[in-house]
Number of protein chains: 2
Amino acid sequence: MDRGNAFAANCPTRQLLDRVADKWSVLVLLILGDGDMRFGGLKRRVEGVSQKMLSQTLRSLERDGLVTREVTPTMPVMVTYGITPLGRELLSALRSMIDWAETSMVKVVAAQRSYDARP
Amino acid sequence: MDRGNAFAANCPTRQLLDRVADKWSVLVLLILGDGDMRFGGLKRRVEGVSQKMLSQTLRSLERDGLVTREVTPTMPVMVTYGITPLGRELLSALRSMIDWAETSMVKVVAAQRSYDARP
DNA sequence: CAGCATCCATGACGATACTG
DNA sequence: CAGTATCGTCATGGATGCTG
């Protein structure tokens, strides 16, 4: 058995799912899927993320082998992030998810309104 | 513009993403994608979820219009959950994500080990 | 059976200040 | 520029006990 089962509580897949099914991770991976980017650039693209969360997210993703981190020892330092082949495998699923979210948003907001308005 | 942008901080898509990119939501939707199920059944299938989290997750998903909730006034009450057409649209993306997670788990654990073992 | 209410601990997260 | 460190707050989520 070299395949996980996300429904099992003790399976590492559960932790992985929790990591990957995360707002900031999804957004960061999607951006890096379009090309490498530096810390500041990511911070600007992912509106509203704090540098703490961004740095935390990037470190997690790097640790999981989904993101690369390259330091160019200029002055000041330049750090470039990229996506690994493993991370790239996940990309199409994430894109579908975001695509669904962006197109369904209106319907969901309507559903919420009707839910909140009922007796 | 009736399409959201998840990268914009103030766009409702951001909240939607946060809701949908959630461990419990993903697992619940995947199960309901295979057929209706009652509360107890879901609790049993999603190992490790507390009834509080499950009930909270289900209410959110119902409010967002992704899940249906049907009460049969027997004694004791019977509550059946199902997936809506809107929720079903999301299913393939979620399935891809879980599939990736379950197959990539081993590689990710290896990446973590090598990350943790480095100077 | 399917929950809500309550309490409580952990930790997620933002704001701020400081480094190489 | 790209972070780390620290602090304070608020939310997340488990445990428990109670209802129709």
Side-chain angles (χ1 to χ4, degrees), chain A residues 6-10 14-28 31-32 36-64 67-82 115-116 118-119, chain B residues 9-10 14-28 31-32 35-64 67-82 115-116 118-119:
Chain A
F7 295 100
N10 55 341
R14 191 55 84 69
Q15 279 76 29
L16 179 54
L17 176 62
D18 213 13
R19 179 78 34 85
V20 151
D22 167 75
K23 184 176 45 176
W24 301 131
S25 297
V26 170
L27 295 175
V28 164
I31 291 175
L32 293 181
D36 294 358
M37 194 170 280
R38 295 176 28 203
F39 188 88
L42 286 167
K43 177 117 173 49
R44 249 170 282 118
R45 286 261 1 229
V46 184
E47 296 179 21
V49 70
S50 66
Q51 94 285 46
K52 179 180 175 179
M53 285 322 294
L54 182 56
S55 133
Q56 218 169 81
T57 301
L58 286 167
R59 211 176 322 123
S60 285
L61 292 174
E62 189 200 355
R63 178 167 119 93
D64 291 347
V67 155
T68 61
R69 179 178 190 271
E70 197 182 353
V71 181
T72 313
T74 49
M75 181 58 182
V77 204
M78 181 169 109
V79 182
T80 307
Y81 292 92
Y115 181 95
D116 294 341
R118 73 185 195 184
Chain B
N10 56 341
R14 191 56 84 70
Q15 280 75 31
L16 178 54
L17 177 61
D18 212 14
R19 179 78 32 86
V20 151
D22 167 75
K23 184 175 46 177
W24 301 132
S25 297
V26 171
L27 294 174
V28 164
I31 291 175
L32 293 181
D36 294 358
M37 194 170 280
R38 293 171 37 200
F39 188 89
L42 286 167
K43 176 118 174 47
R44 249 170 281 119
R45 287 264 356 233
V46 184
E47 297 179 21
V49 70
S50 65
Q51 97 285 47
K52 179 181 173 178
M53 278 296 106
L54 181 55
S55 139
Q56 217 168 83
T57 301
L58 286 167
R59 210 176 322 122
S60 285
L61 291 174
E62 189 200 356
R63 177 168 182 269
D64 292 346
V67 154
T68 60
R69 179 178 189 273
E70 197 181 352
V71 181
T72 314
T74 49
M75 181 59 182
V77 203
M78 182 169 109
V79 183
T80 307
Y81 292 92
Y115 181 96
D116 294 342
R118 72 185 197 184

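Here is how names work: the chains are called A, B, and so on, in the same order as the sequence lines, proteins then strands, and each is numbered from 1. None of these values were measured; they are calculated from a predicted model.
- One interatomic measurement links the two molecules: NZ of B:Lys23 to C1' of D:dT12, which rounds to 11 Å at whole-angstrom precision.
- Between B:Leu58 atom CG and D:dG13 atom P there is a gap of 14 Å when expressed in whole angstrom units.
- A sub-4.0 Å separation between OP1 or OP2 of D:dA2 and a side-chain N or O of A:Arg38 is present.
- Taking 4.0 angstrom as the limit, A:Tyr81 places none of its side-chain polar atoms (N or O) nearer than this to OP1 or OP2 of D:dC1.
- With respect to A:Glu62 and A:Arg19, no salt bridge is recorded, no charged nitrogen being found less than 4.0 Å from a carboxylate O.
- Atom pair A:Met37:CE and D:dG3:C1' shows a separation of 18 Å (rounding to whole Å applied).
- Here the side chain of A:Ser50 is nearest to one of C:dG3, C:dG14, D:dG14, namely C:dG14.
- Contact of the B:Leu58 side chain with the B:Leu42 side chain is registered, since non-hydrogen atoms from C-beta on lie closer than 4.5 Å.
- Between B:Leu42 atom CG and C:dG3 atom C1' the separation is 14 Å, expressed in whole Å.
- Distance, A:Arg69 CZ to D:dC1 P: 16 Å, rounded to whole Å.
- Between the side chain of A:Gln51 and the base of C:dT16, a donor-acceptor pair under 3.5 Å is found.
- Per the geometry, CD belonging to B:Gln56 stands 15 Å off C1' belonging to D:dA15, to the nearest Å.
- The cationic atom of B:Arg45 (NZ for Lys, CZ for Arg) lies less than 6.0 Å from the six-membered ring centre of A:Phe7 and within 45° of the ring axis.
- Between B:Lys23 and A:Asp22, no side-chain nitrogen of the basic residue sits less than 4.0 Å from a carboxylate oxygen of the acidic one, so the salt-bridge criterion is not met.
- Between A:Ser55 and the phosphate of D:dA2, there is no side-chain N or O to OP1/OP2 separation shorter than 4.0 Å.
- B:Thr72 is not listed as a side-chain neighbour of B:Val77, based on a closest heavy-atom distance of 4.5 Å or more.
- Looking at which nucleotide of DNA chain D each of A:Lys52 and A:Val77 is closest to, the 5′-most match is held by A:Val77.
- Atom CE in A:Met75 sits roughly 14 Å away from atom C1' in D:dG3 (whole-Å rounding).
- Between A:Met53 atom CE and D:dT9 atom C1' there is a gap of 15 Å when expressed in whole angstrom units.
- Proximity of B:Arg59 to the phosphate of C:dC4: a side-chain N or O atom is located under 4.0 Å from OP1 or OP2.
- Comparing A:Trp24 and B:Pro76 along DNA chain C, the residue whose closest nucleotide (by nearest heavy atom) sits nearer the 5' end is B:Pro76.
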